Amino acid sequence: MLPTPEFDTSQRTELPMTPSASGLSRRAQWAGGQPISFLMHKALAHPELISLAAGFVDQRTLPVAATAEAVAEVLGDEEAGRVALQYGTTAGYEPLRELLLQRFLAADGVTAAETGLTVNRLLVTAGSNQLLHLVADTLLDPGDLVLCDAPSYFVFLGILQNLGARAVGVTVDELGVIPEALEEELERREAAGELERVKAIYVVSYFDNPRGVTLPVQRRRRIVEIARRWSKKQRIHVIDDTAYRQLRYCGEDVPSLRAFDEAGDTVIVAQTFSKSFSPGIRVGYGILPAHLVDPVLNQKGNLDFGSPNLSQHIIYNVLRSGRFDRHVARLRDSYREKLTAMLEAAERYMSPLDGVRWARPTGGLYVWLAVPESLDTGPDGPLFDQALAEGMIYVPGAYCYPAEGAPAAKNLIRLSFGVQTPENIRRGMQGLARAIQQVQ
Ligand SMILES: Cc1ncc(COP(=O)(O)O)c(C=O)c1O
């Protein structure tokens, strides 16, 4: 059995500031204690568990045939194949960037002229996580603040911690981050003399991780407006993480926050093909305000001077050939069925239980579930081990809260319906319901 690393939430607040005896940098020390490794070890150590924890995409729907065709076409031509197997440029394969920009503009229902966007503002990265990391590294010094939803995407919270920056949680409701709460947090920081340390607002604006919430248009507009108005001495950027935009199972798409940034100097868009196509190919991209392009490219130049070129050629091929759009249509059908299985199982097994409530998202990979307030869902509470005993694992909601700001609720759970079959989703939900009943 694998040793299980402990996840110590106190590491988030107390960052070591002194050099370590082993010679590690402060950044290396700040990098530890991430919940993701704790959960992965638990799942790996108990392969028999039904994991409703991992936010992975469905293994069975990964596009093997479409990718094989794309690779054959990319490498089918000797000359073009050699180009794909060579290093590319730091910003990425230009035909791909052109195509990504066109598709982004079309999705937002705007033109290049209206937005002032050109291909120079679009940068291809190895997944959107790399873009988030590069942007955070470009904007943040140790001690700087980023306002995040409470709860938020915990890997991004880890990136901030790794840089010695501070994530501040802002209160959310069922529509996403509350603009008034954002404004109050900024007022508080100003009163505390910390406004100049606020460098960014981070939102996952479509079917967010962990709650599955999509920000309505009105709030998108307000968030951009608030960021601009509070950019008094230094600019407060809005990082719009759109990782789950394509995973919509009903209703109409809404424009990204970039559509409400008329001057184009505030919003940074992060997008990825990991959820909609394949995380193994690991292509993402960012759209940046003009003043950030060179600074972010400089960071990337030092990191890898260009993301894997073959991956970019594969993504270009699948987009141009229509394989990507056909795949996403099939993916939506498959995830819709799984989401339905999870919501039906919640109805069946959870509704008889007192004080258990859950959200009903229309996209993404997650369902956010609340148990009675007295019940701690964390690894030290009674439910986590009982759920393991019942054969399932979940993500404790407390992992998703920034260390400062709106306090972490202890009675929440993130459930993912991406990986498991509908039948396993039902069994996992039944196991969780039994565990709740036993510890209540
Ligand atoms: C909200 C969010 N953003 C970004 C990512 C990163 O994905 P990738 O780096 O594979 O593009 C994830 C992955 O789970 C995510 O949930």
Side-chain angles (χ1 to χ4, degrees), residues 34-37 39-40 43 51-59 62-63 92 96 100 104 122-137 146 148-160 162 167 172 176-177 200-215 238-248 256-257 267-287 296 300 303-304 307-308 311-312 314-315 324 328 331 335 361 363-368 395 397 399-402 414-419:
Q34 300 311 327
I36 188 87
S37 29
L39 289 171
M40 299 245 302
S51 174
L52 299 182
F56 290 175
V57 296
D58 184 358
Q59 186 79 2
L62 286 172
L96 172 63
L100 293 175
F104 172 78
L122 193 146
L123 159 72
V124 180
T125 49
S128 54
N129 233 73
Q130 189 189 54
L131 190 272
L132 294 174
H133 207 291
L134 289 170
V135 163
D137 219 355
V146 178
C148 302
D149 290 14
S152 194
Y153 169 43
F154 57 72
V155 177
F156 184 66
L157 300 179
I159 291 177
L160 298 180
N162 195 184
V172 300
V177 67
I201 298 166
Y202 170 73
V203 291
V204 182
S205 63
Y206 301 89
F207 313 111
D208 77 348
N209 181 356
R211 297 194 312 143
V213 168
T214 295
L215 273 171
V238 177
I239 304 171
D240 184 10
D241 182 340
T242 65
Y244 297 93
R245 183 171 188 176
Q246 286 77 22
L247 300 188
R248 172 181 285 280
S256 71
L257 272 76
V267 174
I268 298 159
V269 180
Q271 175 58 279
T272 179
F273 289 94
S274 288
K275 310 297 171 184
S276 55
F277 198 73
S278 155
I281 297 175
R282 209 74 196 276
V283 170
Y285 69 92
I287 295 179
V296 171
K300 191 165 168 57
L303 183 73
D304 63 5
S307 296
S311 288
Q312 298 183 53
I314 294 171
I315 290 294
F324 174 78
V328 171
L331 203 60
Y335 283 139
L365 294 178
Y366 310 106
V367 169
W368 191 236
V395 174
Y399 284 1
C400 309
Y401 283 80
R414 189 194 81 174
L415 296 167
S416 172
F417 52 86
V419 180

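What you are looking at is a predicted structure, and each value in this text was computed from that prediction instead of being measured. Computed from heavy atoms alone, side chains included, the values below leave out hydrogens, waters and symmetry copies. Just so you know, ligand 1 is whichever comes first in the structure, and atom 1 is the first atom listed for that ligand. Position 1 is the first residue of the sequence; numbering continues from there.
The protein heavy atom nearest to atom 1 (C) of ligand 1 is D241 OD2, 3.4 Å. Taking atom 12 (C) of ligand 1 as the reference point, the nearest protein heavy-atom neighbour is Y153 OH, 3.2 Å. Atom 10 (O) of ligand 1 has as its closest protein heavy atom S274 OG, 2.6 Å. Looking from atom 16 (O) of ligand 1 to the surrounding protein, the closest heavy atom is Y244 OH, 2.6 Å.
For ligand 1, the atoms sitting less than 4.0 Å from at least one non-hydrogen atom of A243 are 2 (C), 3 (N), numbered in the order shown with element in parentheses. Of all atoms in ligand 1, listed by their number and element, those nearer than 4.0 Å to a heavy atom of S128 are 4 (C), 5 (C), 6 (C), 7 (O), 8 (P), 9 (O), 11 (O). Atoms of ligand 1 lying under 4.0 Å from any heavy atom of V204, numbered from 1 in the order shown and given with element: 1 (C). Interface of K275 with ligand 1, defined as ligand atoms under 4.0 Å from a residue heavy atom, comprises 12 (C), 13 (C), 14 (O). For ligand 1, the atoms sitting less than 4.0 Å from at least one non-hydrogen atom of T272 are 8 (P), 11 (O), numbered in the order shown with element in parentheses. Residue R282 approaches ligand 1 through these ligand atoms, each under 4.0 Å from one of its heavy atoms: 8 (P), 9 (O), 10 (O). Proximity to N209 (heavy-atom distance under 4.0 Å) selects the following atoms of ligand 1: 1 (C), 16 (O).
Not one N or O of Q130 is nearer than 3.5 Å to an N or O of ligand 1, by distance alone.
Between D208 and Y153, the side chains place no donor N or O within less than 3.5 Å of an acceptor N or O (distance only, hydrogens not considered). Judged purely by distance below 3.5 Å, without hydrogens or angles, the side chains of R282 and N129 never pair a donor atom with an acceptor atom.
Counting heavy atoms from C-beta on, the side chains of F56 and S416 never come closer than 4.5 Å. Residues F104 and I287 have side chains in contact (heavy-atom distance under 4.5 Å, counting atoms from C-beta outward). Residues L100 and Q271 fail the side-chain proximity criterion, which asks for heavy atoms closer than 4.5 Å. With a 4.5 Å cut-off on side-chain heavy atoms, S276 and F324 count as touching.
Checked against the 6.0 Å centroid threshold, Y244 and Y366 count as a close aromatic pair.
The backbone N or O of R245 lies less than 3.5 Å from no partner atom in the side chain of T242, so there is not a single donor-acceptor pair.
Here the shortest heavy-atom pairing between V395 and C400 reads CG1-SG, 4.4 Å.
Taking all heavy atoms of V57, T242, N129 into account, the minimum distance to atom 6 (C) of ligand 1 is reached by N129.
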